[in-house]
Amino acid sequence: MTPDPAHGANSIAVEGIDAGYGLVRVLDDVSLNVGSGETVALLGTNGNGKSTLMKCIMGWVRPTKGRIVAEIDGVRHDLTKMATTDIVDLGIALVPEGRRLFPRQTVEENLLLGASRPKARPHIKTNLDFCFETFPRLAERRGQLAGSMSGGEQQMLALARALMLNPRILLVDEPSVGLSPLLVGRTIDAIKTLKEHYKLTVLMAEQNFTQALRIADRGYVIVHGKIEFEGASADELNNNDLIRQFYLGM
Amino acid sequence: MQFDLLINAIIAGLMLGGFYAAVTAGISISFGMLDIVNIAHPGFIVLGSYIAYIVNAQFGIDPIVIAILALPVFFALGTGIYGIYFHSFEKHGQDALRGLAFFFGLLFVTEVLLILVFGVDYRTVSTAYVGGSLKIGVMEFPLRMLVPALVSFAMFAALQLYMSRTFIGRAVMAVSQDPQALELMAVDPTRIKRIAFSISMATCAMAGAFLIVIQPVLPSSGREYIGRVFAICVLGGLGSLPGTLIAALLIGVIESIATTFYGPSWAPAVSFGLLLLTLAVRPSGLLGR
Amino acid sequence: QDTVKIGFSQSLTGFLSPNGKQALLGQEIWADRVNKAGGLLGKKVELKYYDDKSQGSEVPGIYTKLIDVDKVDLVVSGYASNQIAPAMPVVMSKKKTFISLFGLDINDKFKYDKYFSIIPTGQDTKGSFTQGWFDVAMQQSPKPQTIALTFADAEFSQNACEGARATAKKLNLKIVYDKAYPPPPKTTDFAPIVRAIKAENPDLVMICSYPLDSIGLVLAAHEVDLKPKMMGGAMVGLQATPFKDKLKGKLNGIVNYETWVPDKKQMYEGAEAFYKEYQSRAGAAGVDPLGYYLGGWGYAQMQVLEAGIKGAKSFDDAKIAEYLKKATVQTVVGPIKFGAKGEWADSRMMQVQYHSLTDAANLETWRGMSYQTVVDPPSLATGKLIYPYEKAMK
Amino acid sequence: MKAPTFLLILTAVAAALFMAFRLVGNDYLFFAGYTVLQYVVIATAWNILGGYCGYVNFGSAGFFAVGVYSTVFFHNIGQMVDFQLPIPVLIVIGGIMSGLLGLGMGYLTLRLRGVFFAIATLALLVVIETFVVNWSFVGGSRGAYIIPPSEIPILGAFIQYLFLLMLILVVLSLAAARTIERSRLGIGFATIRDDELAAEASGVPTLRLKLIATVVSGALFGMAGAPFPYYIGYVEPNSAFNLAYSVNAIAMPMIGGTMTWVGPMVGALLLSTLQQVITVTISSAANLLITGLLLIGFVILAPKGLVGLWQSLTAGRKQP
Amino acid sequence: MGQPVAEEVIGDVPLLAIEQLGKRFGGFVALDTVDLKVPQGQRLGLIGPNGSGKSTLVNCISGTLQNETGSVSFDGQRIDGFPAHRRARLGLARSFQLPRPFRTMTVAENVRVPLIYTVGARAGVHLTQSELEDRCMEVLSLVALQDKANKNPFDLTQVEMRKLELARAMAAEPKLLIADESMAGLSHSEVEDIVALLIRMNERGVTIIMIEHIMRAVMAFSQRLVVLVSGRKIADGAPEDVIKDKDVVGAYLGT
Ligand SMILES: Nc1ncnc2c1ncn2[C@@H]1O[C@H](COP(=O)(O)OP(=O)(O)OP(=O)(O)O)[C@@H](O)[C@H]1O
Ligand SMILES: Nc1ncnc2c1ncn2[C@@H]1O[C@H](COP(=O)(O)OP(=O)(O)OP(=O)(O)O)[C@@H](O)[C@H]1O
Ligand SMILES: CC(C)C[C@H](N)C(=O)O
Ligand SMILES: [Mg+2]
Ligand SMILES: [Mg+2]
């Protein structure tokens, strides 16, 4: 079952933003873009600003400079001043850092909450079926409280919940956090499956660059709030010295 | 004979519990689901009683019908109060203690307004079912208790359906756990809280009507319910309507049995002792998640 | 100075306020009348009162303020026991004459020689609330054998029940149920209590209750079909018009204490005029429309003070007290003569039975005697008891 | 200022106050003053647990009442053996009783956080009240008469004696609150209010400190309650377990400010004086209305209480 | 790089000995029979993927959480079951991964808490007010926060907040200091400062366990490296060897 096909391009462009918390500036003139149908990796170790960038796109953190533009089904929207709920309503979904599930709600309730977006409501059944098909574990545990599930299961749930929104663009913030190496691989694979099924545009923040690059078309490396490197392909990133330096401390 | 007594004690307890449940329903939403310590809730229940009284006295309409007609009024009142609460407290980060003081103040103000408008006398309503009672075998159902209890059960069923089957309802249950994450579901958490708080206030119209059907009401009647209402809510488990209902029925039945067989004097200690015990053993309450 | 100030606290808010405000209206009507007639010993009367919020803890401060700051010349009490007792130490230390309103047996502990009690309980304060009730009950046949006692956990009802218990024992009635209950809103549903009583199948049911529980118990008795041979006793609240209006036909058969009724025999001097005025002002004051329970008594309380002043020809507390100890004062609720401890020399507590009420009952009904018979004391009786209870229920 | 100096100054102020009151020579001042002072002690007591440690006690009236009823109990015993303990001794006993209750409550409920703790204290209040209502030795629901002597040697009117005792209690409790606040104990309390986990990791024995707080706070409540039977002359559960104590105990520190010993005192002086004044000027529901509006107004407009308002006014505008 | 110290080399009683430690959350096994002995004076690096149980291990050692199985011994004494504050007094200090300052206190007061309740509570120690002040400023200057002594924690930047977190742990004059990701978000030079600081403390005899994702810092600091994956210890030894370990590369660095 394929949900309704994308009617036009879905892309995001971040144009020279500065952002931070209080007096602390975290992002410094960051620009990046994610083309329609692409999977782009945003690489960087802890605290370099990946999540902050995600929050800027979602309207949780307001950039002090620059702007963020998204194209949804071929229509351009300036996200810079929009409310988070409106951004989500356009069809941009975020799987946030720390998953942010509703721990005292069941798996199914969490999923249905994902479908709160008005445009997703007509597709609840097909989306739910697809989620359960892709993550059979969730089907087994649909009545369990989300907070009592293991990290891997929670990550699946977070992904599935985002898909219940029926998004055009999916942002994923560190899907590998808290997962065993095996699960990391599986989760990354799942993102790929979902992307293909829903014809999504994906921006994925990751520390685990080896895993990330398995599915990324290309990527950016962010260091201390600056885009230090832009790799036009996974290979280009794989063989970069800068990355070896940051990741392995050599 | 003893058996009759027991059966009827349980029935009376269930009906009493139904009433307690109605009184607690709103708290279960505002305090249990939204983390808003609305200590003024019983005060608004009394306001509901007075509205039932005044309309009943003027037009002779049944108090419960009046309550249903008054639902939008209380809903709107809730929207207004939440607006003040939100702008004064919630927006600047949670401060439960100050919110508590705010609602304390509100409780007094409501009480005084009732005194100023209606005077200090006891108020009552007249309805067909006060005094009558339904008998099935040895079982007796005083209509004065039965009607409120049944309407209360219906109200709970409706609330529970709303909370579990609608998008807004589900969001209400989740909002206190992570309001920001709700935004990621395209849901405005403030709007959800406003709606939920307004619903919780709307229950005051119903509970108020029940209260005045069951007994005469004074402007200060609400105060005495504060303890019981929060006790039931916590006993049932925060945020769980079924839990609240069960706890209310449990307290009702325990009080009724204690009253029938051991003398009523100790009934309050029994129910609040039970609460203390529950908190010591299972701090999340009976059906707490 | 050409005014005389009379000070008191009154429950104008809180749970006692329905009665407190009613008494206040009586007191104010008295002051107006006196002033219209030129005042007391040539001085205009000024009432100085504060709201005690039905809380005893406010009372000591209020009376010291009245005496020390407002320099009132005389004090009287507000309504009722719980506000009278806390005033006593202050009043005693200032050596003021104190005329109290509806306090039950207060001076038993204080033994104050300038205390005068306005409540028709007589010397046996606790017993007289229910003595007449037992008297009529024991005259009936078949003679009752067993009794159930139920009472609110509160000072008045405990005391009244203590009196009833003693009387019951004296009469060799078997006590089959004897339990207190916490007054509302701590108790919401009275059916379990009534059912437990019914299970004991008593001949008599003696209830010592406060307004809310009175209502709750009467309704529950009907719902549960409790039909002893006689029921009632010391139920506070049934005397108030709003409650009568609430219960209507469900009052039928109940025998309960009463302090004044608009019977010909009790139309004492000034009564008619007073109640007329009271009733014309009740609406504006937002109190009981008839004022039979406390309006008249608040007025009478002040009449006693008035008599004291006039009798002593002075505003001096000691002289007033001296005079009141000996005098018989005529009031709108009848002649009052004080005995030991400042209580009445003789009880004039009545027992009244309600009957023939239908849902059509309204203010006009309550205004008269058609629905109630004074069954005790014999001197005030207006008819015979309908016995057993069930016969009067229709 | 060192603690002894502070105590000295406070005592001097108290003594001056007392003498000034005597000069005016009107008993009402003492009656009204007693109530105000009683609330200063109550607000201070609440603040030790609520303001310093962040544990909200809803059941203040219960602790107060235990002090009240401990006096009634010993008074009644005294009636039997014909020997009355002097009131200062009764105050100490009341303090011990309520302190013990605090200890018990602490053990039972201190593992509960936030609102659960608050609800538990409320439940405890009801349980104690039911117990008292059913305990006929202390009068049960019917109440007990404690007839105070009207005169006392040297001082004259008995109320002056009660006032003086309460004044001493105020001095002691303020000194205690201030000492705690500035001592290592106070720092420990503050860490509990801020972050219990971090406090433990920094070596703060949180459970023990919380127990100390419940005991000290409870004892002060009890001491405030112990002379009450002599003040009112007739005690019944409704006046001893009055909701007003629980409400004012929270409202006064909230209005004054919960972070320092000054806040509860200022809040109590202000609110309680206002309540006294209103009672004797506008004899109506206005009292409640004003308490209510003040509470609402203050929590909205002066979130840190009067003390906080004062501090931010004197400190000038901080940088954004 | 310091010389590798393998466990077998240790003769004396280790300062910290963890045996068969287990901890679950509901059904989720966060720590699965972990063994670890840390000799006096060692600088130990602890790494592992997110969620591998590092913080949980710290919590179990410091008493913030109680372990369910196994034992924790410190300085020759079984300490599991001890409340956290007792462990702190024995000389076990930790910083929190997410800074948890005391919100209503100044920076200096924050540091004073462990001075009073840990150092001051040890037998035979009595700190006068001025000693307290001196030590407090001393600790603050170690992390270069002396100028912010009278600021509220909320006026600090994230980086300064982390330094405060570390200062508070150091103030307790611990025998063992556990620094849980104290450097996330710090700049290069700041990371170097902190590493140097930790090494200095170590030279004064403090045993240190450092949890870190920044490999540069880990390599510069550690004498020994332990890797935790899914609640299990998968490698333990000299840092150079450990990072070459196949399992480690696979699990942590990703392949
Ligand atoms: N709410 C906040 N307030 C203040 N500072 C913050 C806040 N959130 C993040 N920071 C700081 O901003 C910087 C960048 O954080 P961010 O979360 O964007 O990094 P990240 O690359 O996503 O790292 P991680 O791998 O830890 O998720 C860090 O120094 C962090 O401490
Ligand atoms: N209180 C808790 N309740 C339930 N699960 C918990 C709790 N604390 C930790 N966990 C879970 O235990 C696992 C280990 O967590 P821990 O914090 O120890 O990881 P970590 O190795 O420190 O990771 P990170 O590098 O992200 O700090 C995680 O899956 C976490 O979700
Ligand atoms: C009924 C009255 C005579 C007694 C009054 N209710 C009291 O509390 O004393
Ligand atoms: Mg991140
Ligand atoms: Mg960690």
Side-chain angles (χ1 to χ4, degrees), chain B residues 1-2 4-5 8-9 11-13 15-16 19-20 23 42 111-112 115 118-126 130-135 140-146 211 214-225 227-228 252 255-268, chain C residues 11-22 53-54 150 152-153 177-182 184-196 198-201 211-216 218-225 237 240-243 245-250 285-288 359:
Chain B
M1 196 69 221
Q2 283 298 309
D4 289 10
L5 268 186
N8 279 309
I11 290 172
M15 290 185 296
L16 179 63
F19 167 65
Y20 285 166
V23 177
E111 206 175 302
V112 174
I115 292 176
F118 295 99
V120 292
D121 240 328
Y122 285 104
R123 300 295 169 187
T124 59
V125 288
S126 45
V130 169
S133 112
L134 182 75
K135 294 198 173 63
E140 283 170 357
F141 299 86
L143 293 178
R144 180 170 58 109
M145 300 300 295
L146 183 65
L211 177 64
I214 290 174
Q215 61 178 229
V217 171
L218 278 183
S220 57
S221 291
R223 294 190 189 185
E224 300 284 339
Y225 281 94
R228 186 171 269 135
E255 282 185 1
S256 171
I257 289 184
T259 301
T260 308
F261 294 100
Y262 306 100
S265 255
W266 288 97
Chain C
S11 301
L12 304 176
T13 53
F15 71 105
L16 291 175
S17 51
N19 284 344
K21 282 197 152 176
Q22 200 184 136
K53 299 183 246 166
S54 310
T150 184
D153 250 342
Y177 182 97
D178 185 357
K179 279 176 185 164
Y181 58 85
K186 289 205 180 77
T187 303
T188 307
D189 183 16
F190 289 89
I193 297 173
V194 175
R195 221 175 263 119
K198 190 183 167 197
E200 303 296 343
N201 199 21
L212 275 187
D213 13 335
S214 299
I215 306 261
V218 170
L219 290 177
H222 278 261
E223 287 158 358
V224 167
D225 264 340
T241 313
F243 288 152
D245 228 36
K246 163 95 184 161
L247 293 171
K248 294 186 173 155
K250 298 188 186 73
V287 294
D288 187 287
D359 282 349

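Keep in mind that what you see is a predicted model, and the values were worked out from it rather than measured. Note on naming: letters A, B, ... go to the chains in the order of the sequence lines (proteins, then strands), and numbering restarts at 1 for each one.
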Decide yes or no for [X] and [Y]: does some side-chain heavy atom of the first lie under 4.5 Å from some side-chain heavy atom of the second?
X        : Y        : value
B/Asp4   : C/Lys198 : no
B/Ser265 : C/Lys179 : no
C/Leu219 : B/Pro142 : no

Please look at [X] and chain B and tell me whether the side chain, the backbone, both or neither of the residue comes under 4.5 angstrom of a heavy atom of that chain.
X        : value
C/Asp225 : side chain
C/Ile215 : side chain
C/Ala220 : both
C/Val287 : backbone
C/Thr187 : backbone

What residue in B/Ala9, B/Ser133, B/Gly227 has the most heavy-atom pairs under 4.5 Å with chain C?
->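 Of B/Ala9, B/Ser133, B/Gly227, B/Ser133 has the most heavy-atom pairs under 4.5 Å with chain C.
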What option among B/Lys135, B/Glu111, B/Glu255 has the most heavy-atom pairs under 4.5 Å with chain C?
->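 With the most close heavy-atom pairs to chain C, the winner is B/Lys135.
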Side chain to side chain contact (heavy atoms under 4.5 Å, CB included) assessment of C/Asp189 paired with B/Met145 | CA-CA 8 Å; C/Asp189 183 16; B/Met145 300 300 295; 3.8 Å; yes
Enter the distance from [X]:[atom1] to [Y]:[atom2] here, rounded to the nearest 0.5 Å.
X        : Y        : atom1 : atom2 : value
B/Leu5   : C/Glu200 : CG    : CD    : 8.5 Å
C/Phe190 : B/Arg144 : CZ    : CZ    : 8.5 Å
C/Asp288 : B/Tyr122 : CG    : OH    : 13.5 Å
C/Leu16  : B/Leu218 : CG    : CG    : 9.5 Å
C/Arg195 : B/Ser256 : CZ    : OG    : 7.0 Å

At a heavy-atom separation under 4.5 Å, does [X] approach chain C through its side chain, its backbone, both, or neither?
X        : answer
B/Pro216 : both
B/Ser221 : backbone
B/Phe261 : backbone
B/Ala267 : neither

Ignoring hydrogens and angles, tell me if any N or O in the side chain of C/Lys246 forms a donor-acceptor pair with the backbone of B/Ser126 under 3.5 Å.
->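 No; judged by distance alone, with no hydrogens or angles, the pair does not exist.
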Between chain B and each of [options], count heavy-atom pairs under 4.5 Å; write down the option with the most.
options                               : result
C/Pro18, C/Ala285, C/Gly216, C/Ala240 : C/Pro18
C/Ala196, C/Gly286, C/Ala180          : C/Ala180
C/Tyr177, C/Tyr181, C/Phe243          : C/Phe243

Taking only residues two or more places apart in sequence or in another chain, which ones pass ring pair (Phe, Tyr, Trp, His ring centres under 6.0 Å) with B/Tyr225?
->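 Scan of B/Tyr225 (ring pair (Phe, Tyr, Trp, His ring centres under 6.0 Å), adjacent residues dropped) gives none.
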